[in-house]
Amino acid sequence: LVFGNTAEKIPAYAFTSAQPANITEITFGSNLKSIGDYAFQFTPVKTLALPAVETVGAYAFNKCLSLETITFGDKIKTIGANAFNECSALKSVNLPDSLEKIGNYAFYGCSALDNIVIPAIITDFGRYTFSRSGITKASFKEGTKTTGPFIFENCAKLETVYLPDSIEHLEENTFAGCTALASVTLPKNLKTMDSYVLYQCPITEIVLPDGLTNVPMCTFKSCLELDSIVIPDSVTSVGDSAFIDCKGLKSVTIGKNVETIGTNVFKNCEALEEVYWNTGKVSSLNNSSTFYNAGQGGTGINFVFGDGVEIIPDTIFYTSSSSNMPNLKSVTIPNSVKKFGTAAFRNCTTITDIYYYGTEDNWNSIDFGSYNTEYLTNATIHYIKAGTATTLSGNVFTIVPTGIPAGSNIMLVCYKENAVTFVKQSVYSGSGNISVTVDKEYDDVKVFVWETEAMSPVVKEPEDVILTTNN
């Protein structure tokens, strides 16, 4: 089938047929600008070269099951909805930088399609553009600001994705169900995401960039291999079920500016071992079952409230089912805490140790609220005494830990004119003292206490130890 150079438009339904016509080759003229809706639906064409076409209508080549290659010229602006839907033999298509709009399901179900590069100029993405296709590698060009909703949903073979730093927003379900996508680098300038962006992806780690403001509903739902997550200080909201069923998740850090946390956020995170809760802006979780069944598959959760937290939120650990309470092992509480919210520790019967950075008098001055103290009676409270180390003379020091948990990392630091000259780091066994010989000049000595594995500070000031000199 040949169209001469005088043809500018092919009307809708021109050659479509429920019983495919015998059209295996089509030559389009240099002046053809528009292909109408359903124009070649079901035809057995094998290759397409569209040098001057600006618009491909909806369903224009829908279910052309023999189509293998599409070559667009640099005039193309619009690809209509379902234009190449379920072209199951399609292996190759180029998308020129002139392309501005792709309709819903444009390349849906193109199971032989392997690689796609998406131009930056597109301002109108349809839904499910490449959903359920065979794509293994996808790239967005520099300058792209957003992705399309459901654009790669259920692309089960997708393994590699390039997202340029220009992207500021990820649409809903961008990579949902991409069960081969084990690694994603999020753009540095990403500000917002919609729900289900990485649902069911087998990622083991992900870095949420500084500047991101939200982690919405079900973003990481059922990411079974995800090991740890740090929610940066720029994030203000974490949506419902954001990490639900992340059964391999062991470590969570929540930034200090989170204001709202939805329901079931960490539900069924059975491997959870440590949580660093740094936000002081959440006062209640409204029976949201945030940590429902968390830590039940491991040795228990060490939960650390960060410096500056003043209120332990209402019902932070509470669930409606006592058998599905989080498996809390220890809780670390800073002396900035003034109040326990109502039922914060209700039914928390597994806590064995509470580490409080203050004196017993400080502890007793806390407003413990309702439904709390009766559930903490089996826990041992460790009062961590504070006393800043002073400048001492001599070169052999004995560090006498006072109320420091076993496994803590104790670091002696020497300074000369405010510059560090010597560092000695030791892991505290839980008993005895630590002797340190200093072989550098110094005019000041401080001791810090750090969490051993994560190397995150238990305290930010040099305290919680008694420092003496032997000469």
Side-chain angles (χ1 to χ4, degrees), residues 1-3 10 15 20 23-30 32 35 39-122 125-126 128-142 144 147-148 150-164 174-175 178 180-181:
L1 184 61
V2 178
F3 292 90
I10 298 173
F15 298 93
I23 302 174
T24 59
E25 295 184 15
I26 306 174
T27 301
F28 294 101
S30 58
L32 185 68
I35 299 174
F40 296 95
Q41 182 178 224
F42 304 131
T43 56
V45 61
K46 293 184 177 180
T47 63
L48 290 175
L50 306 168
V53 171
E54 297 177 3
T55 301
V56 177
Y59 293 87
F61 296 92
N62 177 50
K63 296 185 179 180
C64 290
L65 303 183
S66 299
L67 182 60
E68 296 182 355
T69 304
I70 304 169
T71 304
F72 287 106
D74 59 6
K75 305 294 184 181
I76 186 69
K77 293 182 179 179
T78 301
I79 298 175
N82 296 75
F84 300 96
N85 173 60
E86 295 190 26
C87 292
S88 56
L90 183 63
K91 297 177 181 178
S92 174
V93 59
N94 70 309
L95 299 179
D97 291 338
S98 58
L99 186 61
E100 298 175 356
K101 179 180 179 179
I102 301 182
N104 297 338
Y105 298 91
F107 294 93
Y108 179 90
C110 293
S111 54
L113 192 60
D114 181 64
N115 183 20
I116 197 71
V117 178
I118 298 172
I121 196 173
I122 297 177
F125 276 104
Y128 303 96
T129 307
F130 298 99
S131 180
R132 296 187 182 273
S133 69
I135 291 173
T136 62
K137 182 179 180 180
S139 301
F140 291 83
K141 286 190 174 181
E142 297 289 345
T144 301
T147 61
F150 301 84
I151 186 170
F152 295 114
E153 187 187 57
N154 292 322
C155 289
K157 296 181 180 180
L158 183 61
E159 297 179 347
T160 305
V161 169
Y162 174 71
L163 300 171
T174 296
F175 301 111
C178 294
L181 188 61

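Keep in mind that the numbers below use all heavy atoms, side chains included, and drop hydrogens, waters and symmetry copies. Residue numbers run from 1 in the order of the sequence given.
- Nearest heavy-atom pair, Gly80 versus Ala106, reported as atom, atom and distance to 0.1 Å: O-CB, 3.9 Å.
- Once rounded to the nearest 0.5 Å, the distance linking CD1 of Ile76 with CD1 of Ile70 reads 10.0 Å.
- To the nearest 0.5 Å, atom CD of residue Glu68 and atom OG1 of residue Thr47 are 8.5 Å apart.
- A donor-acceptor pair shorter than 3.5 Å can be found between the side chains of Tyr162 and Glu142.
- Rounded to the nearest 0.5 angstrom, Asn62 CG and Cys87 SG are separated by 7.0 Å.
- Closest approach of Pro51 to Gly29, counting heavy atoms only: CG-O, 4.4 Å.
- Ring orientation note: the planes of Phe140 and Phe152 are nearly perpendicular, at an angle over 60° on the 30°/60° scale.
- Ring orientation note: the planes of Phe28 and Phe40 are nearly perpendicular, at an angle over 60° on the 30°/60° scale.
- Although no hydrogens or angles enter the test, the distance criterion places no donor-acceptor pair under 3.5 Å between the side chain of Asn104 and the main chain of Gly126.
- The nearest pair of heavy atoms linking Ala52 to Lys75 is O-CB, 3.6 Å.
- For the atom pair Thr129 OG1 and Leu95 CG, the distance stands at 10.0 Å (nearest 0.5 Å).
- Here the side chains of Phe15 and Leu1 are in contact, with some heavy-atom distance below 4.5 Å.
- Looking only at distances, no side-chain donor or acceptor of Ser66 sits under 3.5 Å from a matching main-chain atom of Lys46.
- In this structure, the side chains of Leu48 and Phe84 come closer than 4.5 Å at one or more pairs of heavy atoms.
- To the nearest 0.5 Å, the span separating CD1 on Ile122 from NZ on Lys101 amounts to 12.0 Å.
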Note to self: side-chain contact (heavy atoms from CB on, under 4.5 Å) for Ile35 and Leu50? Distances and angles first, verdict last.
What the structure shows: CA-CA 10 Å; Ile35 299 174; Leu50 306 168; 4.0 Å; yes
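- In terms of heavy atoms, Phe125 sits closest to Ile151 at CE2-CD1, 3.9 Å.
- One distance of note links SG of Cys155 with CD1 of Ile116; it measures 10.5 Å at 0.5 Å rounding.
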Item checked: Evaluation steps, side-chain contact (heavy atoms from CB on, under 4.5 Å), between Thr160 and Thr136 -> CA-CA 6 Å; Thr160 305; Thr136 62; over 6 Å; no
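- Without hydrogens or angle criteria, Ser98 side chain to Asp74 main chain gives a donor-acceptor distance under 3.5 Å.
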Next item on the list: Could you please spell out the steps behind the side-chain contact (heavy atoms from CB on, under 4.5 Å) verdict for Ile118 and Thr144?
Entry: CA-CA 9 Å; Ile118 298 172; Thr144 301; 5.7 Å; no
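- Asn94 and Phe72 make their closest contact through OD1-N, 2.7 Å (heavy atoms, listed as atom of the first residue, atom of the second, distance).
- Formation of a donor-acceptor pair under 3.5 Å by the Ser131 side chain with backbone atoms of Glu153 is found in this model.
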Next item on the list: Determine, stepwise, if the pair Phe130 / Leu158 fulfils side-chain contact (heavy atoms from CB on, under 4.5 Å).
Entry: CA-CA 11 Å; Phe130 298 99; Leu158 183 61; over 6 Å; no
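- Between Val117 and Lys141, the shortest heavy-atom contact is CG1-CE, 3.7 Å.
- Within a 6.0 Å sphere centred on CD of Glu25, other residues, nucleotides and ligands contribute 12 heavy atoms or fewer.
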